[in-house]
Amino acid sequence: MCVTSCPPRACSSKHAPPPENESLLENLSILGVDLASARRRQPGVLRRHLTNEQGLAHFLQSKGADQETVASIISRFPRSITRSCEHLEERWRLWRNVFRSDAEVLGVLSRSPESFFRSSDNKNLEENICFLMTLGITARDLHRLVTTAPRTFSNSVELNRSMVEFLKSVCVSFGGKDPERFARTVISRNLYVFIRSTGRIRANVELLSGSLRLSHAEALALFQSHGAQILDVSHESLKRNLESLRTKLHSLGCGEDELKRMILNYSLVLFVSSERLNQKLDCLMDGGIHVQQVVQKPKVLDFSIDCIRQRLHDLHGLGYDFQKSGIAVLDSSRKRFLAKLERLSSAENEDARSPS
């Protein structure tokens, strides 16, 4: 008996993925789905034989979606067609406990299909909503959590509870008397804490409190205000930006007290990369601003270099005295800044017309 060996390609073919479901592809094409996008995002869905694309389309249309919206949702999150009609009805009901109308829910789905379809566990979603409500999280903040950090509701309740307990422990470690309020405040100010690890939050708390030598009262005040917003930043980025700011301030004649004061005044300066921060400080110093003024009003560093440079130019042209009048004008809104320029210009014209 002659036995022939199997060609290499034939042998490897048994490991190839199954072909796409041609009937499904046709249905999706009729719905206007971008198959290339769907194939790039979740290719396995296109090989399934049990899907609910027609039911999903009908369900979304019954909530007010047009065909273009339906197609866009499926194109960006193909796994949505695997959800049963019963699942969709239940999940919509749960979301409506947070949102005021079907239109609001649909608006979130249109922007971020993943937020609605990523998890298939409706029970877990319901338990998370109940848990967060028992903490005293407001309806407004629940709404913001769903729209901004929807992965919060894909977490197990145990995982979210561990974050809350950790935040309470932070409060207690600084001598705080109301741990639940502290946790609620941090969550309200930083909606991303639930999708970060407690290890990252702990490392950032320890870095800021230790490096800046914060008192318990200062730490509690910082982390319940703008400081809460930087707790979820990558620890290495936060550490790098803090050291860069320290080095730059030292080069400008400032010590640890000024570094601490600047961060207590506006810790979001630590979002700014080392290079950009140095450029902005140099621009301000070149414009006649004293470093102590920036320490007191660090929010000016939020603005782009081009904006800072233009404002300095406009104010210098009108004879504005930063040492006498301060730098608050530099971090005002565009509308207020233009109004200030108009008032300064009018005053200058009045002085020019006055008899000497």
Side-chain angles (χ1 to χ4, degrees), residues 94-95 97-99 115 118-119 121-239 241-242 260-261 263-271:
L94 292 172
W95 271 47
N97 288 337
V98 178
F99 293 88
S115 62
R118 182 174 186 269
S119 170
D121 193 341
N122 283 337
K123 182 180 179 183
N124 186 65
L125 172 62
E126 184 169 25
E127 289 176 349
N128 267 317
I129 291 174
C130 291
F131 168 63
L132 293 171
M133 290 180 72
T134 61
L135 290 177
I137 301 294
T138 65
R140 176 176 174 271
D141 284 336
L142 271 176
H143 185 289
R144 292 169 61 227
L145 272 168
V146 172
T147 55
T148 306
R151 280 171 49 199
T152 297
F153 299 91
S154 300
N155 290 345
S156 67
V157 176
E158 290 71 25
L159 186 61
N160 287 340
R161 183 178 285 113
S162 70
M163 177 58 76
V164 171
E165 292 305 314
F166 167 71
L167 292 175
K168 289 180 182 179
S169 73
V170 170
C171 177
V172 172
S173 71
F174 290 123
K177 303 301 183 185
D178 194 346
E180 285 203 5
R181 182 176 178 276
F182 178 88
R184 277 198 310 273
T185 302
V186 172
I187 293 166
S188 177
R189 287 183 170 271
N190 189 335
L191 301 176
Y192 298 100
V193 292
F194 284 119
I195 59 177
R196 308 301 186 211
S197 68
T198 54
R200 174 184 289 194
I201 308 299
R202 179 184 291 107
N204 288 345
V205 167
E206 291 174 353
L207 172 66
L208 292 169
S209 59
S211 182
L212 298 175
R213 299 180 181 178
L214 301 179
S215 69
H216 284 183
E218 288 170 335
L220 287 172
L222 176 64
F223 297 133
Q224 290 182 97
S225 59
H226 45 79
Q229 297 176 59
I230 61 173
L231 288 180
D232 73 305
V233 175
S234 158
H235 181 65
E236 289 306 314
S237 295
L238 186 63
K239 185 177 180 180
N241 290 350
L242 176 60
K260 178 177 178 178
R261 190 177 306 120
I263 294 173
L264 289 177
N265 284 337
Y266 194 62
S267 63
L268 299 189
V269 295
L270 295 176
F271 273 133

Plane angle bin for Phe174 and His216 - parallel if under 30°, tilted between 30 and 60°, otherwise perpendicular: perpendicular
Glu165 bridged to Lys168 by N-O distance under 4.0 Å: yes
Nearest heavy-atom neighbours spanning Cys171 and Pro179: SG-CA, 3.7 Å
Polar side-chain atom of Asp121 near backbone of Ser154 as donor-acceptor pair, under 3.5 Å: no
Interatomic distance, Leu264 atom CG to Leu222 atom CG [nearest 0.5 angstrom]: 6.0 Å
Any donor-acceptor pair under 3.5 Å from Ser173 side chain to Val170 backbone: yes
Enclosure of Arg161 CZ (heavy-atom neighbours >12, cutoff 6.0 Å): yes
Non-hydrogen side-chain atoms of Leu132 and Leu142 separated by less than 4.5 Å: yes
Residue pair Arg151 / Ile195: nearest heavy atoms and the distance that separates them: CB-CG2, 3.5 Å
Side chain proximity check, Leu208 to Leu238, heavy atoms < 4.5 angstrom: yes
Side chain to side chain, Leu270 and Val233, heavy atoms closer than 4.5 Å: no
Shortest non-hydrogen contact between Ser225 and Arg189, atoms and distance: O-CD, 3.2 Å
Arg213 backbone acceptor or donor facing Lys260 side chain under 3.5 Å: yes
Closest heavy-atom pair and its distance - Ser115, Val146: CB-O, 4.2 Å
Closest approach of Asn128 to Thr152 (non-hydrogen atoms, all atoms of both residues): ND2-O, 3.8 Å
Spacing of Phe194 atom CZ and Ile187 atom CD1 [to the nearest 0.5 Å]: 3.5 Å
Heavy-atom side-chain proximity of Thr185 to Phe223 below 4.5 angstrom: no
Leu125 side chain reached by Ile129 side chain, heavy atoms, under 4.5 Å: yes
Value rounded to 0.5 Å, distance of OG in Ser211 from CD in Glu206: 12.5 Å
Between CG on residue Leu220 and NZ on residue Lys177, distance to nearest 0.5 Å: 10.0 Å
Euclidean distance, Leu145 CG relative to Asp141 CG, rounded to 0.5 Å: 6.5 Å
Close side-chain approach of Met163 to Ile201, heavy-atom, < 4.5 Å: yes
Verdict with supporting geometry, Asn160 and Phe153, side-chain contact (heavy atoms from CB on, under 4.5 Å): CA-CA 9 Å; Asn160 287 340; Phe153 299 91; over 6 Å; no
Ser209 side chain vs Val205 backbone, donor-acceptor pair below 3.5 Å: yes
Short side-chain to backbone donor-acceptor contact, Arg200 and His235, under 3.5 Å: no
Tyr192 OH: over 12 foreign heavy atoms closer than 6.0 Å: no
Nearest non-hydrogen partners of Leu231 and Asn190, listed with the distance: N-ND2, 4.1 Å
Pairwise distance CG(Asp232) to OG(Ser197) - rounded to 0.5 angstrom: 10.5 Å
